[in-house]
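Here the structure is a predicted model, which is why all the values come from computation and not from measurement.
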Amino acid sequence: MQFITDGPDIPDALLQAHEEGRVVFFCGAGISYPAGLPGFKGLVEQIYRLSGTALSDIEREAFERGQFDATLDLLERRLPGQRLAVRRALANALRPKLRRKGATDTQAALLHLARSREGAMRLVTTNFDRIFHVAAKRTGQAFQEYAAPMLPIPKNSRWNGLVYLHGLLSEKMDDTTLNRLVVTSGDFGLAYLTERWAARFVSELFRNYVVCFVGYSINDPVLRYMMDALAADRMLGEVTPQAWALGDCESGQEQRKTIEWEAKGVTPILYNVPADSYDHSSLHQTLHVWADTYRDGVQGKEAIIVKHALARPQDSTRQDDFVGRMLWALSDKSGLPAKRFAEFNPPPSLDWLLEPFSDERFGHGDLVRFGVPPRDEGDSKLRFSLIRRPASYDRAPSMLLASGGITDSQLDEVMFHLARWLVRHLDDPRLVIWIAERGGQLHDRWSWLIEHELDRFASLERDGKTSELNEIRLHAPKAIPGPLMRTLWRLLLSGRVKSPWHDPDLYRWKGRLKRDGLTTTMRLELRELLVPKVALKKPFRWSDYDSTSTDEPARIKQLVDWELVLAVDHVHSVLHDLADEHWICYGSWVRPTTTETGPIGISRPLRPIGRIVASETG
């Protein structure tokens with residue numbers, strides 16, 4: 001989902017993993033740009049300027065290839081005894097401009113995002129600066145620091161703090177600390193290849209957590225060393241979770257950038273940066289809003305509901321996908337955002353049900369967010385929506401060969417509150433059509449809610465409580481159904497609406513007839529198969545009825561297109577196959593006749609039944 005307009009689309013899988021405390025943000029130089037600090041390339045340029053020297057030919061070649069760590073290694077070797085001088089220049093180049101607007105906001109946001117619901121912090125950075133410390137002091141977010149090479153074991157029970165994987169500058173210039181910084185290719189060789197303390201940390205981190213890189217470019221040498229270490233683990237058969245990266249991208253270059261990131265074993269989450277600019281505001285604003293929403297917990301999700309509940313879902317765009325934000329907020333397992341949605345005044349439009357709520361946009365990777373543990377092997381064909389989805393094991397019906405009661409799954413908090421919201425739209429014919437198109441059978445809990453509301457409205461009308469009825473209409477104009485809509489609801493609640501799924505099977509009845517003969521039970525079953533039903537469909541056009549009008553429609557045809565049908569299809573063809581058996585239908589029973597030319601007919605009482613239903617439905 002997008003937290004801001006034109007921002008990166010954060011995958012639901014990453015959001016869910018973060019909610020569960022399984023995400024570790026891995027921060028690079030890009031997060032410090034607002035404080036005026038350079039990237040690796042700019043850092044090398046400033047080190048040369050502060051050291052009072054220029055690039056040699058071999059150093060320039062390495063620099064132009066983007067091998068900035070090798071460039072600094074060559075510089076330190078060219079200036080014997082000048083290792084500390086180069087590193088002092090590095091420390092001077094990394095003095096942040098803390099008075100700039102927003103200089104520490106991104107670090108403060110990441111400190112919020114890195115803290116689990118239980119209060120433990122797990123955050124990693126390859127930066128040397130102390131901006132996180134400043135941000136923590138300004139926002140009251142104290143943390144334990146771990147500076148290389150003294151690193152924790154990256155497991156929940158052993159780690160609570162911020163890891164400076166490549167070292168940390170001390171508050172005062174300290175030669176020992178400067179020597180420990182991992183900045184040249186030689187330092188990287190020790191950390192990742194020879195002594196391998198950084199490689200071990202990264203490998204263990206990727207085994208235990210979902211990693212999200214923030215502030216790295218596609219060709220960052222730091223990223224290259226880390227991914228090479230992981231590639232070695234994969235060669236040995238190690239399985240690592242998904243890795244993500246928030247990466248910049250110019251318009252039109254999305255496919256190329258995606259391929260480049262995936263070649264490194266990382267799935268990119270791209271955000272747009274205008275050509276020939278260094279405007280990464282989209283990234284920083286996304287992190288700020290994400291942190292605010294996460295910090296506020298359920299209230300942050302409720303704020304999303306309040307902001308977008310009355311919007312038209314049709315107005316959602318790729319640049320501003322507020323529908324994605326709404327679905328993410330509504331799927332919170334507590335059900336509180338869904339409760340806020342259900343009780344919102346006026347009720348959100350039924351368009352939410354007809355389009356985004358019914359859209360099967362979720363797949364195998366989204367099962368966890370709805371409390372359904374997925375199998376290890378992925379199911380690429382699995383698709384479901386917010387209002388039609390797999391049930392968790394504690395709400396799903398048991399697997400039975402025989403049953404004596406209701407086998408519907410129980411509604412979770414989210415689905416229950418969505419049902420409450422729909423009950424506030426009982427005067428909207430689109431809801432009846434939506435139900436009919438999906439089989440016409442209501443969940444028992446939802447049916448009870450509808451019955452309860454119809455009883456309440458009838459009681460208020462009988463008692464003449466006009467003021468209370470007007471109050472209901474004021475907050476929910478479509479809550480109280482008119483007489484014709486109540487007729488449609490009676491048909492639905494009584495099970496008289498034809499299902500388009502053709503559950504009854506007259507062919508099976510014919511097979512049993514040939515096997516068992518015309519027994520009493522066969523006659524009763526045929527009567528049920530030939531019972532009249534009403535088929536409801538969307539009208540061809542809403543010509544003479546405006547759904548926003550306050551005038552009561554005069555005919556049901558103004559609301560829905562209906563047709564009187566039988567419970568089963570293909571009646572004529574099936575009974576025609578029995579013509580040589582010489583059947584005649586009398587009353588509501590079917591019995592054989594001795595007449596050789598007796599006709600095949602439909603039960604005569606169907607006609608008066610049809611007239612009764614037709615008169616009731618207009």
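Looking at residues two or more places apart in sequence or on another chain, you find a side chain to side chain donor-acceptor pair (under 3.5 Å) between Asp412 and Arg389. For Glu355, there are no salt bridge (Lys or Arg N to Asp or Glu O under 4.0 Å) partners two or more places apart in sequence or in a different chain. Applying the salt bridge (Lys or Arg N to Asp or Glu O under 4.0 Å) test to Glu250 and every residue at least two apart in sequence or in another chain returns nothing. Partners of Glu413 under the side-chain contact (heavy atoms from CB on, under 4.5 Å) rule, at least two apart in sequence or in another chain, are His417. For the ring pair (Phe, Tyr, Trp, His ring centres under 6.0 Å) test, residues two or more places apart in sequence or in another chain that qualify with Phe370 are Phe362, Phe384. For the side-chain contact (heavy atoms from CB on, under 4.5 Å) test, residues two or more places apart in sequence or in another chain that qualify with Ala120 are Ser116, Arg122, Asn160. Applying the salt bridge (Lys or Arg N to Asp or Glu O under 4.0 Å) rule to Asp561 yields the partners Lys557; only residues at least two apart in sequence or on another chain are considered. Residues satisfying the salt bridge (Lys or Arg N to Asp or Glu O under 4.0 Å) criterion with Arg361, sequence neighbours excluded, are Asp359.
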Can you give the donor-acceptor pairs under 3.5 Å from side chains of residues 390-397 to other protein atoms, not counting sequence neighbours?
{"unit_1": "Ser392", "atom_1": "OG", "unit_2": "Asp394", "atom_2": "OD1", "d": "2.6"}
{"unit_1": "Arg395", "atom_1": "NH1", "unit_2": "Leu411", "atom_2": "O", "d": "2.8"}

For residues 302-314, dump all side-chain donor-acceptor pairs below 3.5 Å to protein atoms at least two apart in sequence or in another chain.
{"unit_1": "Glu302", "atom_1": "OE1", "unit_2": "Arg340", "atom_2": "NH1", "d": "3.2"}
{"unit_1": "Gln314", "atom_1": "NE2", "unit_2": "Asp351", "atom_2": "OD2", "d": "3.2"}

All N/O donor-acceptor pairs, side-chain side in residues 10-22, below 3.5 Å, sequence neighbours left out:
{"unit_1": "Asp12", "atom_1": "OD2", "unit_2": "Arg369", "atom_2": "NH1", "d": "2.7"}
{"unit_1": "Gln16", "atom_1": "NE2", "unit_2": "Glu20", "atom_2": "OE2", "d": "2.8"}
{"unit_1": "His18", "atom_1": "NE2", "unit_2": "Leu113", "atom_2": "O", "d": "2.8"}
{"unit_1": "Glu19", "atom_1": "OE1", "unit_2": "Arg117", "atom_2": "NH2", "d": "3.4"}
{"unit_1": "Glu20", "atom_1": "OE1", "unit_2": "Arg22", "atom_2": "NE", "d": "2.8"}
{"unit_1": "Glu20", "atom_1": "OE1", "unit_2": "Arg22", "atom_2": "NH2", "d": "3.0"}

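Ring planes of Trp421 and His425: perpendicular class, angle over 60° (limits at 30 and 60°).
At least one side-chain heavy atom of Arg424 sits less than 4.5 Å from a side-chain heavy atom of Asn345.
Between Phe25 and Trp290, a ring centre-to-centre spacing shorter than 6.0 Å is recorded. A ring-centre distance under 6.0 Å is not found for Phe357 and Trp434.
The side-chain hydrogen bond (donor to acceptor under 3.5 Å, both in side chains) pairs that include a residue from residues 452-462 are Glu453-Arg456, Glu461-Arg486, where partners are two or more places apart or lie in different chains.
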Self-check item: Worked verdict on Phe457 versus Ile472 for side-chain contact (heavy atoms from CB on, under 4.5 Å)
Solution: CA-CA 10 Å; Phe457 298 147; Ile472 294 171; 3.9 Å; yes

